Amino acid sequence: MKNGAVVDILEKFANLLEFKGENLFKINAYRRAARTIAELGEDIEKVWQEGRLDQLPGIGDAIREKVNQFLLEGRIRQFDELAAAAPREIFDLLSIQHFGPKTAALAFKELGVETVADLRRVLEDGSLSTLPGMGPKKCENILKSLKLHESSSSQISIGLAADLVARVMDHLEKTASGRFGRLSAAGSVRRYKETVHDIDILVEAEDGREIISAFAQMDGVTRVLGAGATKGSILLDDRFQVDLRAVPSESFGAALQYFTGSQEHNVHLREIAKKAGYKVNEYGIFHDDQRVGGQFEEDIYHVL
DNA sequence: CTGACAGCGCATCTTC
DNA sequence: GAAGATGCG
DNA sequence: GTCAG
């Protein structure tokens with residue numbers, strides 16, 4: 001069963017294309033193909049042997065040939081070529097938050113950043129901040145993420161995550177009680193993913209300023225990564241990133257759906273909505289620009 | 001063969 | 001310093 | 001890069 005390996009290389013292929021600055025839709029095509037195989041209920045080798053590869057959604061001539069090559073030879077020529085032109089630790093680097101493909105490409109080209117250690121160096125000696133687009137705040141955020149990455153606590157177990165969610169909710173109820181409505185975990189925490197990368201919480205409030213400000217002031221906050229009217233983002237205990245989003249009542253359900261994801265699930269859902277003549281976003285579900293739901297998460301699934 | 005492929009907030013930088 | 005563009009998630 | 005029209 002090589003499904004996992006095929007999914008892995010297609011996802012990495014997408015990352016390499018992203019680093020190269022390829023067309024976004026092409027990148028997406030590789031990710032969609034990877035997802036198709038990830039969700040495939042049978043052995044990809046069997047499908048391949050039976051010549052049914054391009055019957056799978058999202059797999060056409062180009063990707064079929066690459067999968068073919070991978071199953072035949074255990075490698076993909078174009079993949080190796082792309083990898084050779086990228087930093088040695090490209091996948092590691094791209095997993096650092098706020099250090100995306102464009103920034104990675106820039107740092108690689110201008111400063112020769114090949115490894116996570118290189119990145120740390122250019123952050124600490126300030127050379128990264130001399131690059132166009134790299135303001136102080138951005139550099140600081142990258143440094144924080146890098147430390148998070150290196151402390152290898154970048155993956156939080158679901159149990160610990162649940163505790164942190166409870167802690168945040170507790171704090172909000174104590175300090176801002178009455179100033180908000182529903183409160184719910186979202187993101188991978190809500191999906192009960194075994195390990196999560198960061199923690200998303202959603203709060204129902206017309207004006208989020210107060211509650212986000214309360215959030216940013218809770219005990220254990222080591223850094224406020226951002227605090228606006230609709231979104232706040234903090235680092236808790238120097239290790240855990242927690243995001244709080246404030247949304248108005250009529251779109252709480254839509255936002256909960258959206259921020260619970262997964263991302264792939266959302267894209268999928270929006271495709272379905274579109275085909276059915278609806279538009280779904282984090283504010284609600286719409287038909288001819290008329291809101292037909294959004295206050296509750298069920299609104300969206302009922303309509304579709 | 002051609003056009004669509006989800007769509008948005010925040011931080012930052014660039015341009016006027 | 002407002003408006004637009006870019007990068008990121 | 002893939003798919004629907």
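Hydrogens, waters and symmetry mates play no part in the numbers below; they use all other heavy atoms, side chains included. Quantities reported herein were computed from a predicted structural model and do not represent experimental measurements. Quick note on labels: first sequence line is chain A, next is B, and so on, each numbered from 1.
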Visitor: Given dA11(B), is OP1 or OP2 found less than 4.0 Å from the side-chain N or O atoms of Lys231(A)?
Guide: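 Checking dA11(B) against Lys231(A), no side-chain N or O comes under 4.0 Å of OP1 or OP2.
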
Visitor: Please answer: with hydrophobic residues joined when any side-chain heavy atoms are less than 4.5 Å apart, are Leu119(A) and Leu148(A) in the same cluster?
Guide: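 They do not share one cluster, since no chain of ILVMFWY contacts under 4.5 Å joins Leu119(A) to Leu148(A).
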
Visitor: Under the rule for side-chain hydrogen bond (donor to acceptor under 3.5 Å, both in side chains), what residues qualify as partners of Asp125(A), not counting sequence neighbours?
Guide: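 Applying side-chain hydrogen bond (donor to acceptor under 3.5 Å, both in side chains) to Asp125(A) gives Ser127(A).
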
Visitor: With rounding to the closest Å, how many angstrom separate the P atoms on dA6(B) and dC3(D)?
Guide: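 About 14 Å, rounded to a whole number of Å.
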
Visitor: Would you indicate what Asp61(A) reaches in the nucleic acid, counting non-hydrogen atoms under 4.0 angstrom: base, sugar-phosphate, or nothing?
Guide: sugar-phosphate

Visitor: Need one value for Ile59(A): base, sugar-phosphate or nothing, where a base atom within 4.0 Å counts as base even if backbone is also close, heavy atoms only.
Guide: sugar-phosphate

Visitor: Using a 4.0 Å heavy-atom cut-off, does Leu106(A) contact any base of the nucleic acid, only the sugar-phosphate backbone, or nothing at all?
Guide: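 Leu106(A): no heavy atom of the nucleic acid under 4.0 Å.
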
Visitor: Please check if any side-chain donor atom of Glu282(A) sits under 3.5 Å from a side-chain acceptor atom of Ser251(A), or the reverse.
Guide: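 No pair is found: no donor N or O on one side chain lies under 3.5 Å from an acceptor on the other.
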
Visitor: Would you say a side-chain N or O of Thr230(A) is under 4.0 Å from OP1 or OP2 of dC10(B)?
Guide: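 Thr230(A) to dC10(B) OP1/OP2: side-chain N or O found under 4.0 Å.
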
Visitor: With a non-hydrogen cut-off below 4.0 angstrom, is Gly228(A) in contact with a base, only sugar-phosphate, or nothing?
Guide: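 Here Gly228(A) touches no strand at all.
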
Visitor: Is there a donor and acceptor pair, one atom on the side chain of Tyr283(A) and one on the base of dG7(B), closer than 3.5 Å?
Guide: no

Visitor: Over all strands shown, is Phe13(A) touching base, sugar-phosphate only, or nothing at heavy-atom distances under 4.0 angstrom?
Guide: nothing

Visitor: Which is true for Leu94(A) with a 4.0 Å heavy-atom rule: it touches a base, it touches only sugar-phosphate, or it touches nothing?
Guide: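 No contact at all - Leu94(A) keeps every heavy atom at 4.0 Å or more from the nucleic acid.
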
Visitor: By the 4.0 Å heavy-atom rule, please label Gln97(A) as base, sugar-phosphate, or nothing.
Guide: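 Gln97(A): backbone/sugar contact only, no base atoms under 4.0 Å.
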
Visitor: May I ask you to decide whether Asp163(A) forms a salt bridge with Arg167(A), counting only side-chain N to carboxylate O separations under 4.0 Å?
Guide: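 Looking at Arg167(A) together with Asp163(A), the answer is no, because their closest N to O distance does not fall below 4.0 Å.
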
